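To start, the structure under review is shown below, and the notes come after it.
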Amino acid sequence: MKLAALFPLFAIPFAFAASKEDKQKLSSLAASGNGVIRLDAPTFDILTSSSRDWSASIHFTALDKRRRCAPCKEFDPSWNAIAKAWTTVPAEQRDSHFFATLDFDEAPIVFQKLNLASAPVVWVYGPTEGSRATGKNSPSKYDFSNGFEAEPLAQHLSNHTPIPIPYRAPIDWARWITIVSGLLVFALTLRFVAPVLQSRWTWAIITICTSLTMTGGFMFTRIRGSPYTGSDGSWIAGGYQNQYGQEVQVVALIYGTLAFSVVMLTMIVPYQSSPTRQRLQIYLWSGVLMLVYSVLVTLFRVKNRGYPFKLLL
Amino acid sequence: MSTAPPLPQNISASTVANTTSLLRILALGLISAAAIASRLFAVINFESIIHEFDPWFNYRATRVLAAKGFYEFWNWFDPTAWYPLGRVVGGTVYPGLMATSGVIYNFLHYFNLPVDIRNVCVLLAPGFSALTAWATYMFTKEMKDPSAGLLAAAFIGIVPGYISRSVAGSYDNEAIAIFLLMFTFYLWIAALKQGSALFGTLAAVFYFYMVAAWGGYAFITNMIPIHALVLLLMGRYSGRLYVAYCSWYAIGTLSSMQVPFVGFQPVRTSEHMGALGVFGLLQIVAFATLVRSHVSSKQFQNLTAISVVSLGLLGALAFIVMTYKGWIAPWTGRFYSLWDTGYAKKYIPIIASVSEHQPTAWPSFFMDLQFLIFLFPAGVVMCFRDLRDEHVFVIIYALVASYFAGVMVRLMLTLTPVVCVSAAVALSSLLDTYVDVKEPSLPDATEADKKPASSGAVGSHAGTSAAAVASSTISDIFNAAKSTKTSKPKGIWGTDARIVILLNAIGMLVFFVFHCTWVTSSAYSSPSVVLASQNPDGSQHIIDDYREAYYWLRMNTPQDAVVMSWWDYGYQIAGMADRGTLVDNNTWNNTHIATVGKAMSSTEEVAYPILRKHDVDYVLVIFGGLLGYSGDDINKFLWMVRIAQGVWPDEIQEPNYFTPQGEYRVDDRASDSMKNSLMYKMSYYRFSELYGGGNALDRVRNQHIPKVGPTLDYLEEAFTTENWIVRIYKVRKEDPLGRDLKTANAFAQGKKRKRGRVGSRRRAIV
Amino acid sequence: MPPKATPARATSSSSSSSASALMALFKAYTDNTSDRLKFIDAFLVFLMVSGIIQFVYCVLVTNFPFNAFLAGFTSTVGQFVLAASLRLQVNPENKLDFKQVSPERAFADFVLGSIVLHFFVYNFLG
């Protein structure tokens with residue numbers, strides 16, 4: 001047996017030493033970067049080397065202004081918050097999972113090698129050796145269907161870390177202060193505000209405004225996050241089950257005007273003192289009713305192209 | 001007083017009364033006929049068939065009830081659903097609908113009228129819609145008067161928002177639930193107005209019927225307590241409120257626990273705690289009122305006031321503590337997602353994926369309600385003007401329902417009744433004002449001079465007439481709001497004014513009828529089991545692929561075969577093909593659904609053991625690429641992935657099914673996970689053969705499928721319908737020669753065996 | 001119609017005056033209430049005691065079978081509420097409140113409500 005063939009055997013302890021050394025290097029990088037390792041191409045190779053007993057969550061981003069990546073900027077604080085929370089974990093667990101950020105401008109080769117065309121992207125590399133080894137070398141990807149918040153990210157990544165990430169959402173001081181001060185103001189001015197609150201017409205206005213907003217499709221825009229106007233500046237969305245924020249206001253205004261005309265005709269007009277004024281008002285409000293109703297039908301025809309009816313317009 | 005158009009003078013009051021009631025009965029009869037008739041489009045266009053998905057389960061359950069009797073139905077365990085788990089139908093179903101059909105069926109058969117159970121089920125919804133119209137009439141009669149009631153009945157008879165869930169063939173819980181909802185509300189209002197325990201008991205009995213019929217009974221469970229609470233906060237406590245609420249709550253809660261599916265929830269879950277809380281509060285307030293009536297000492301009255309408030313706070317604290325400790329369950333996901341709208345998408349993707357649970361955009365409101373939607377705020381204003389106890393109820397209902405309808409399309413159904421009532425009140429007030437022929441007397445000149453100087457000065461100028469009208473409008477509003485009983489005249493002068501308004505109103509009503517008929521016939525009368533399209537020459541072309549496939553299954557597979565498909569089609573397969581399914585629309589077991597999702601989104605090698613473990617014989621997919629039918633499984637595929645990912649986040653990741661650029665593609669640029677998934681293979685297997693080797697076009701995604709289509713090793717194609725909408729695959733059992741199936745398939749296709757290890761030719765004798 | 005709740009003011013009543021207030025209340029009650037109403041009140045007290053005993057048993061001993069406990073407890077609560085409603089409707093002081101419900105009709109409603117209540121109770125007892 002040639003002695004040279006035994007050389008790989010001698011290399012094994014070096015390999016172990018090498019990975020131990022790598023691990024120490026990575027931990028020190030992480031500690032100095034507030035929990036986040038800023039990667040460049042060689043560090044990336046160390047982090048994702050094929051013999052690793054640590055796991056790594058890597059965040060690929062492009063924060064430079066020239067790249068104009070708005071989601072990257074939105075996501076970055078959440079990522080840093082999670083990594084920071086991870087630094088509070090005891091050292092043994094902490095050093096078996098690393099958080100790293102790779103910016104496009106610092107290592108474009110890595111982006112090319114991994115065939116990445118969009119950002120931000122989060123990949124989790126599991127350990128290939130050791131007790132937590134999953135046997136897979138390829139990373140698992142995180143999808144941003146829950147948005148760029150830190151909470152769902154923490155929850156997802158906790159599946160891959162040795163212990164769950166102790167992330168606590170920061171207390172929203174602004175919200176609490178607003179609530180408390182609002183209550184205080186309300187309690188102090190209660191004596192002056194009470195007659196207004198006890199009048200039925202205050203509540204009428206609140207009820208009508210709320211129901212007009214709701215029937216204008218406000219909750220749709222809030223849940224789906226629709227923009228105020230379309231990307232091409234149009235204020236009305238083309239599809240039937242789709243709308244922009246501005247449509248809520250327009251439609252609520254239309255409904256309000258129509259309801260107002262009916263209320264005028266029923267509750268105010270009969271109390272007029274002179275026949276001519278009354279007649280004028282009747283014609284006016286009937287005209288408003290017919291005209292605005294026609295506008296509403298026209299708007300509906302824009303939305304629902306198959307609608308066969310139309311009024312005046 | 002003079003009258004605008006002159007009236008005949010010599011009609012006695014009793015004649016008027018009799019004629020009025022005759023006209024009312026006639027009107028209600030015609031409204032019922034219109035309500036039933038407008039729901040029959042589907043029966044006339046196609047045939048008397050059960051529609052959609054959920055009704056098929058209800059129909060199957062009703063068949064069991066009609067054939068085997070109530071006891072068998074109550075204790076029915078269905079081993080073919082959710083194979084191999086089975087489903088305890090008796091304990092997990094709302095039996096009201098089936099029981100109603102069963103009673104009607106037995107009643108008809110008692111009189112030897114041999115009506116088939118299918119026809120009873122199909123025509124139940126239109127029949128009950130006529131009853132709903134009557135119930136709405138009664139309800140609105142309490143609000144205003146019978147003429148408003150008739151308008152409300154007419155509106156709810158034909159309004160599309162209600163028709164969508166109650167066409168002939170839509171045999172679902174809402175068919176009877178909306179009638180029960182309106183009738184229970186009517187009984188509650190009548191109980192409140194009269195202070196009668198009889199109406200309270202009746203309200204409780206119909207509430208029990210509602211609980212047995214629909215899961216949305218929680219709406220009544222919370223609406224009535226909110227109404228009572230608001231009345232208490234307004235200072236309108238009265239003995240009538242106590243009698244009505246307590247008799248309703250005590251009997252209603254006890255009776256609602258009789259339904260096995262509800263069980264002990266009314267005393268254990270947060271949705272029902274509001275009612276209990278208001279009940280306790282009413283006891284305290286009633287006792288305090290009783291004590292106060294006996295003692296005039298101010299000191300003692302203060303003591304009672306303090307003790308009432310502190311007892312109330314203690315009670316609220318007790319609730320919070322019990323909820324925190326878990327003795328009272330928190331709000332279930334279904335109802336909690338109405339408040340926290342992002343909740344379902346994150347934690348319960350099955351609820352978020354249903355198309356009926358999406359938020360509502362404004363065109364849906366107009367489509368379903370048309371001009372009622374802008375009469376509705378006017379009606380609410382008029383309720384505020386009168387503000388009796390019952391009007392408070394309509395206001396609360398309006399506010400709550402408009403929020404819920406905005407959050408979920410399906411809940412448009414709960415908004416529809418209150419919109420009809422409110423719009424009827426508004427339109428009826430309008431018509432009352434302008435149909436009333438009495439003309440007011442002209443005021444004297446001195447009164448006219450007292451008008452505000454601004455409007456008088458500007459009024460005559462033509463150029464500023466708009467500003468004049470605006471300022472006079474505002475001054476009129478203030479005057480009318482301030483004084484209701486002054487010497488100001490009330491009424492309309494002149495016949496022409498009346499005619500303008502009446503023509504306008506009649507025009508809007510006629511437009512409403514046209515709109516409703518058009519919407520019903522075009523949008524809401526599709527059975528969705530049978531599709532219709534138009535031939536180039538305009539004649540109707542029926543696409544009956546679903547029934548073709550289910551009938552094939554029924555005729556060509558063994559009785560105990562198990563079919564795997566996505567949960568949407570489970571009830572239909574069970575109802576029409578009469579075969580066992582893995583998952584169906586009940587969606588009660590998320591892990592089982594995730595298992596099916598995993599099988600659909602994994603490679604054949606991973607899916608095959610799952611299929612064999614669950615004894616699956618056939619797999620069914622829906623594919624719309626040939627016709628352009630967009631409701632197919634490839635469009636639903638991402639939801640399968642998401643649900644599977646929820647249970648196996650390591651094995652299934654949604655980003656793997658997108659291209660590196662983040663697009664969802666099915667052509668040659670599709671990602672590998674996508675191309676190798678079972679769903680993709682089953683959908684596009686042999687699809688390119690249709691195009692003779694050219695580039696096959698998927699008409700739904702508008703993408704070209706690669707020429708070399710997928711190969712299937714572990715499944716073989718069993719049946720594909722005429723338009724390729726339903727594709728059924730048979731799961732291959734073990735190869736008789738002991739080869740692994742991949743090799744066997746390759747051999748069958750004429751490929752040479754790869755050099756390498758040969759699979760053992762001998763199977764071990766087990 | 002009872003007036004709105006007066007704003008709570010800190011009472012400076014000592015225990016003796018509250019005791020005397022209670023005595024005054026009791027005296028006013030016995031003097032001003034007709035026998036009919038006192039009869040109903042006795043029934044109400046009995047129902048309350050019966051309900052409390054059942055509840056204490058449930059908490060201290062066992063709540064199995066839960067449906068039986070609920071049936072029994074709800075029967076006392078429901079009957080209490082129906083009897084209290086009857087008392088309200090029969091009390092001549094409340095005549096203005098209940099224009100459409102005469103005392104005889106109130107009694108008939110009470111009987112019907114009790115029958116329906118006990119029908120459900122019996123079904124639920126198991």
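Because the structure is predicted, anything quoted here is derived from the model rather than measured. Letters A, B, ... mirror the listed sequences (proteins, then strands); counts begin at 1.
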Legend entry - Pairs touching residues 258-269 of chain A that satisfy side chain to side chain donor-acceptor pair (under 3.5 Å), sequence neighbours left out: none
Inset, instruction - Would you indicate whether the side-chain heavy atoms of Pro377(B) and Leu212(A) approach each other to under 4.5 Å? - result: yes
Legend entry - Residue Leu197(A) excluded, over 12 heavy atoms near CG under 6.0 Å: yes
Inset, instruction - Check whether any side-chain heavy atom of Gln241(A) sits under 4.5 Å from a side-chain heavy atom of Gln358(B), and report yes or no. - result: no
Legend entry - Phe365(B) CZ to Tyr255(A) OH distance, which is reported to the nearest 0.5 Å: 8.0 Å
Legend entry - Distance in Å, Tyr271(A) OH paired with Thr433(B) OG1, rounded so as to fall on 0.5 Å steps: 9.0 Å
Legend entry - Between CE on residue Met219(A) and OG1 on residue Thr360(B), distance to nearest 0.5 Å: 10.0 Å
Inset, instruction - With rounding to the nearest 0.5 Å, note down the distance linking CG in Asn504(B) to CH2 in Trp285(A). - result: 14.0 Å
Inset, instruction - Check whether any side-chain heavy atom of Tyr434(B) sits under 4.5 Å from a side-chain heavy atom of Ile282(A), and report yes or no. - result: yes
Legend entry - With Thr215(A), the side-chain contact (heavy atoms from CB on, under 4.5 Å) member among Leu369(B), Ile373(B), Val419(B): Ile373(B)
Legend entry - Contact check, side chains of Tyr403(B) and Phe218(A), non-hydrogen atoms, under 4.5 Å: no
Legend entry - Check: Met214(A) and Phe404(B) side chains under 4.5 Å, non-hydrogen atoms: no
Inset, instruction - Calculate, to the nearest 0.5 Å, the distance between atoms OG and CG belonging to Ser211(A) and Leu399(B) respectively. - result: 7.0 Å
Legend entry - Segment of Leu289(A) engaging chain B (4.5 angstrom heavy-atom cut-off): side chain
Legend entry - Mutual orientation of the aromatic rings belonging to Tyr293(A) and Phe371(B) [parallel < 30°, tilted 30-60°, perpendicular > 60°]: parallel
Legend entry - Within residues 287-301 of chain A or reaching into it, pairs that qualify as salt bridge (charged side-chain N to carboxylate O under 4.0 Å, His left out) - sequence neighbours excluded: none
Inset, instruction - State whether the side chain of Arg200(A) and the backbone N or O of Leu387(B) hold a donor-acceptor pair below 3.5 Å, judged by distance alone. - result: no
Legend entry - Interface residue of largest heavy-atom contact number with chain B, from Ala259(A), Gly216(A), Gly306(A), under 4.5 Å: Ala259(A)
Inset, instruction - Would you mind checking which part of Leu375(B) comes under 4.5 Å of any heavy atom in chain A, side chain (CB onward), backbone (N, CA, C, O), both or neither? - result: side chain
Legend entry - Side chain / backbone / both / neither for Pro363(B) at chain A, heavy atoms under 4.5 Å: both
Legend entry - Among the listed options Asn304(A), Thr213(A), Leu296(A), the residue most often paired with chain B at heavy-atom distances under 4.5 Å: Leu296(A)
Legend entry - Proximity breakdown for Val500(B) and chain A, heavy-atom pairs closer than 4.5 Å: side chain
Inset, instruction - Below 4.5 Å from any heavy atom of chain A, which atoms of Asn656(B) appear? Answer side chain, backbone, both or neither. - result: side chain
Legend entry - Plane angle bin for Phe384(B) and Trp201(A) - parallel if under 30°, tilted between 30 and 60°, otherwise perpendicular: tilted
Inset, instruction - Flag yes if more than 12 heavy atoms outside Tyr283(A) fall under 6.0 Å of its OH atom; otherwise flag no. - result: yes
Inset, instruction - Report yes if some heavy atom in the side chain of Leu311(A) is under 4.5 Å from a heavy atom in the side chain of Phe511(B); otherwise report no. - result: yes
Inset, instruction - Please look at Ala497(B) and chain A and tell me whether the side chain, the backbone, both or neither of the residue comes under 4.5 angstrom of a heavy atom of that chain. - result: both
Legend entry - Leu265(A) portion near chain B, given a 4.5 angstrom heavy-atom threshold: both
Inset, instruction - Verify whether the ring centers belonging to Tyr307(A) and Trp518(B) lie closer than 6.0 Å. - result: yes
Legend entry - Which portion of Ile254(A) sits near chain B, non-hydrogen atoms under 4.5 angstrom: neither
Legend entry - Aromatic ring proximity, centroids under 6.0 angstrom, Phe300(A) and Phe366(B): yes
Inset, instruction - Specify which of Leu415(B), Val381(B), Asp432(B), Val380(B) makes the most heavy-atom pairs with chain A at under 4.5 Å. - result: Val381(B)
Legend entry - Between CD1 on residue Ile395(B) and CD1 on residue Ile206(A), distance to nearest 0.5 Å: 12.0 Å
